[in-house]
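Quick notes on the structure that follows.
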2 protein chains.
Amino acid sequence: MKLIPYQQVALRGGYLHEKQELNTHTTIHAVYDRFYETGRITAFKFGYPEKDPVQPHFFWDSDVAKWMEGAAYILMRESHPDLEAKVDEIVEDIARNQCEDGYFNIFFTVVQPENRWANRDWHELYCAGHLMEAAVAYAEATGKTKLLSCMEKYADYIAKVFMEEHSAAFHTPGHEEIELALVKMYRHTGKKKYLDLAAHFINTRGTVEEQNKTQYNQAHVPVRQQDSALGHAVRAMYLYTGMAYLAAETGDEALTAACKKLWDDATHTKMYVTGGLGSTYIGEAFTTPFDLPPDQAYTETCAGIALCFFANGMMALENKAEYADVVERALYNGVLSGLSADGAQFFYENPLEINLSERFVSIWGARRFPAHRRVACFGCSCCPPNINRLLASLGNYIYGLEEDTLYVNQFVASDMADGDVKASVETDYPRNGKVSVTADGVAKLAIRIPAWCDAYTLDKPYTIQNGYAVVENDGTPVTVTFDLTPRRVWADRRVLRSAGQAAIMRGPVVYCAEGVDNGEGELHNYVLPKALTIAEETGVYGLPELRVTCVKEVADDDDLYRNTPPKTEEALLKLIPYNAFANRAETDMRVWFRTE
Amino acid sequence: MKLIPYQQVALRGGYLHEKQELNTHTTIHAVYDRFYETGRITAFKFGYPEKDPVQPHFFWDSDVAKWMEGAAYILMRESHPDLEAKVDEIVEDIARNQCEDGYFNIFFTVVQPENRWANRDWHELYCAGHLMEAAVAYAEATGKTKLLSCMEKYADYIAKVFMEEHSAAFHTPGHEEIELALVKMYRHTGKKKYLDLAAHFINTRGTVEEQNKTQYNQAHVPVRQQDSALGHAVRAMYLYTGMAYLAAETGDEALTAACKKLWDDATHTKMYVTGGLGSTYIGEAFTTPFDLPPDQAYTETCAGIALCFFANGMMALENKAEYADVVERALYNGVLSGLSADGAQFFYENPLEINLSERFVSIWGARRFPAHRRVACFGCSCCPPNINRLLASLGNYIYGLEEDTLYVNQFVASDMADGDVKASVETDYPRNGKVSVTADGVAKLAIRIPAWCDAYTLDKPYTIQNGYAVVENDGTPVTVTFDLTPRRVWADRRVLRSAGQAAIMRGPVVYCAEGVDNGEGELHNYVLPKALTIAEETGVYGLPELRVTCVKEVADDDDLYRNTPPKTEEALLKLIPYNAFANRAETDMRVWFRTE
């Protein structure tokens, strides 16, 4: 499937479009302002280390690069002179301060120049990759190629160091990212050297002795032998995305097979119901299959975003609706939860359960749980600009073309054009389940039927192929209606930490209960009955709220242990979309509820 | 109630007597041997620091003192010349090496003499307390008073330093223990100075500024203002025991009231179903009410043992069966779990759940869970000799006398004598529920009816008073039969981590399932049905094993998330007594089971 890129897709309205607008009008500026205040922007002026008390961090480049990429996607569609001027100033700084040989890195030029290419885990290639992604995006969006020229020079230099001279203290990146960026550079410039360099990094990984050759870095074995998603979740997703991109360019079947195995392992055994990845803060990493503790979930916002990248990479290799299902799961839940309702605060970690009562602190320390309030900026602030670039490029996820078939992967009111093919989608999904697709220039429409959906109707004859409803296209609208009745969702029985519990979903949206609505220290006392009665009400977070009639354990006697179960009463449980949790207070939160 | 001390009570047979015999023939020797091998015994010879590569630890004295106390209780009843010779040699070492002024501490005499009384948390007064307890026990058991003389000299010196000179860098112990020991010294010697010193430490605690005046040390406020069990659980229990002992001697009503509040808080909101105390390894401490995570339970063996001390202290203040109920809960479960079936291996922590699948280790570390194998000796090896002294002094917990009433608190085949009062109990409790009590010299018998027991019969007329069945005594046996049918037990609904789950108990004994019997990674898939069918079988750990007919979730499809609950089948769940877990393998273990 050829995925239609964001440049050719315009979102027109609805829930995701509102998030995109929030990004355009609030989030992109908030992230810039925080980056400016923390010295990240002026760091590009290389006034360090003598002239400023703030020392640049060794991967600040990447934070700002992701922001620039996000800004570029916005500028592709709309004129924002102020935003463009900010990007241009940073580009000027980069052009002025790039080393003669092509190297560009703030920290390892102005603070520790003696340590260039000294440590694999010091993120130079990671920063380079993000700058390259920004350069391609900015060239696409504005036609301005100054940054791209700088990055071509940098990529040429990296190719010399790593493919010819082998003069660095390591052979492959510690934090993957440059692999996928180099494929983007190749696709944009047509220069095969960049594809070769991507292939070099991917093919060399795990094959040679080098620093920190560990699972954490996905460097324990060669990539084609990897069949289990391991180590740092964001690194893993960036690597796997790069592998999928490379496989698409080269047709490498062994690489494609490895990608599929890694996809299956990650999404069938290590993915939260919210699409979050990474079950432990220890190494921000994957753990073991089915280890998905809701309260200790790490599920970094960046990992959910990178899962969308990987999914799109896989979709380009194989027409299966499963990939778009996962994008949908991550996007509406564990990715959007990373952004506050006001668009200016962020979660790095996205837990699925908060119990304030367990957040005691002694003089010796505290039990370790994720943060439960969003903040404006992190010390390691990779997630906020990752949200910028994802929301601004949502168009990438909606349409695909293969031969005479137009694929509709996500349901967003939008228009697309690709040569003679034109299509539009009318919908207010996921507020309601009606989606109408109109297309010209294709013989067939393939509309994804989400795996979560047990009941749907189409107004034209269809066949199901790989999770898509395929309809002959006659140029008139095809309307599919998905049943969005809220439902209980169970995890595989091997998931220890949600045993005996179910989540409530409405369409693709996972719901949660908060203590502020339902009582602090009470959420575990609500039990979903076998016959579910759920009322929908208008919500303040752009999606309906739910009221579930539950059985609730209530106070009876004071015995800590007793031979009879706790007394129960009927009680209403108020649910809001999971992605909107923690927008009002420090409060308990729960996704998995006990079931009768 | 006057509790009849171990000297006047002989256990004759049954489950607890077998544990006492195991202690006499195996555990007391195993602990000595490990202490010898690790240098703890020869440390008393003060050959340090020049002559030995092993450096004594600053609270080794206390480990050995507890062992000596345990040996003394054994020697009280039986002649063991070899054991007595070992104690005598240590006593000789102490007498020879005690400082002129009365001070005795290995580390702060031979390694860091300059730091005597320098740091409140360096355990000098804690070590002194344990040596005093050993001295009293050894004098009672053998009539030998050399150690007692040494400790009187030491106590006199401590009184001078802390009550007259105020010359130490602190005012009260960091780790409590000496308070209760000084009351024992007073009771044995009749010297009021020791009671005064105990009162001084208790009354001064939390009233003056000093080092580490924290909740962790129960020093945040004066003891009479404390109403919440806080901080390090063992320290707390030793302090509260000392407070109860002091209140019994002085009739101090404010102190008694504080003891009751602390008792209620600890046992009604912070006690595991096994009688374990301490919900976090962070500070080995209490946390917040109803915070009782089974898998992360700290529940130090010493805390369970010290809870028995505190319970006996409370029972002396107030005739309520509740205190003996708690002794029974702790003893049969979270205390005995500290000792292996072979009597030579120990748990420091006693978790209520082990999931091997979560014990992953990354290059960055591991999620923190308690040890899941017993070991022969710890670096901080306080628990093994605490088991020695508790098992050897089980007689302390069985009988009480008040006016014309004989109380039977624990059900153990045994004989007691106290002046004209003689009594005996015939029973094989808790293997079966029949208990026959015969007494001479009292008008009434008060037999505890455990709070867990919903069904029991007595063969004579009785009234219930404070949890005891009170019967007129005519010198013929009174037989009570407790229904030991296994039952489900629920925790208060506020206990988050056992929500929707029940434990299985048979009489006072908590049961558990192990992976080695029921499948690894499977225990959370067993669900107790509403109508319980349980078969009893002969077990290898001295108590019946149970077979529970359960509903079990079994494999169906491979979807990680689905709209239907997991498929189930009927399955037998094999249970063994909780205290016998981890005697066969590294394996999963679970106490709390999902319920229909």
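Below, chain A is the first sequence line, B the second, and so on; all start at residue 1. Below, each value reflects all heavy atoms present in this structure, side chains not excepted, and no hydrogens, waters or symmetry copies. From a predicted model like this one, the values you see are computed outputs, not experimental measurements.
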Given B:Glu596, B:Arg368, B:Met271, B:Arg488, the one with more heavy-atom pairs under 4.5 angstrom with chain A than any other is B:Met271
Here the pair of heavy atoms bringing A:Arg590 nearest to B:Leu496 is NH1-CD1, 3.8 Å
Scanning both residues in full, the closest heavy-atom pair of B:Ala555 with A:Arg493 reads N-NE, 3.2 Å
Checking heavy-atom separations under 4.5 Å from chain B, one finds in residues 561-570 of chain A A:Tyr561, A:Arg562, A:Asn563, A:Thr564, A:Pro565, A:Pro566
Residues of residues 282-292 of chain B with a heavy atom under 4.5 Å from any heavy atom of chain A, in residue-number order, are B:Ile282, B:Gly283, B:Thr287, B:Thr288, B:Phe290, B:Asp291, B:Leu292
- Using a 4.5 Å cut-off on heavy atoms from C-beta on, say whether the side chain of A:Leu560 contacts that of B:Val273. no
So, the part of B:Glu322 with a heavy atom under 4.5 Å from chain A: the answer is neither
Within residues 518-532 of chain B, the residues sitting under 4.5 Å from chain A by heavy atom, in sequence order, are B:Glu522, B:His524, B:Asn525
When the 4.5 angstrom heavy-atom criterion is applied to A:Arg594 and chain B, the contacting part is side chain
With sequence neighbours left out, the residues meeting salt bridge (Lys or Arg N to Asp or Glu O under 4.0 Å) with B:Glu358 are A:Arg497, B:Arg367
When the 4.5 angstrom heavy-atom criterion is applied to A:Lys552 and chain B, the contacting part is neither
Max heavy-atom pairs within cutoff under 4.5 Å with chain B, candidates A:Gln215, A:Gln501, A:Gln296, A:Met505, goes to A:Gln296
From the list A:Val554, A:Thr214, A:Thr267, the residue making the most non-hydrogen contacts under 4.5 Å with chain B is A:Val554
Turns out that what part of A:Arg329 lies under 4.5 Å from chain B's heavy atoms comes down to side chain
In terms of heavy-atom pairs under 4.5 Å with chain A, the winner among B:Gly500, B:Ala503, B:Ala502 is B:Gly500
So, the part of A:Asp295 with a heavy atom under 4.5 Å from chain B: the answer is side chain
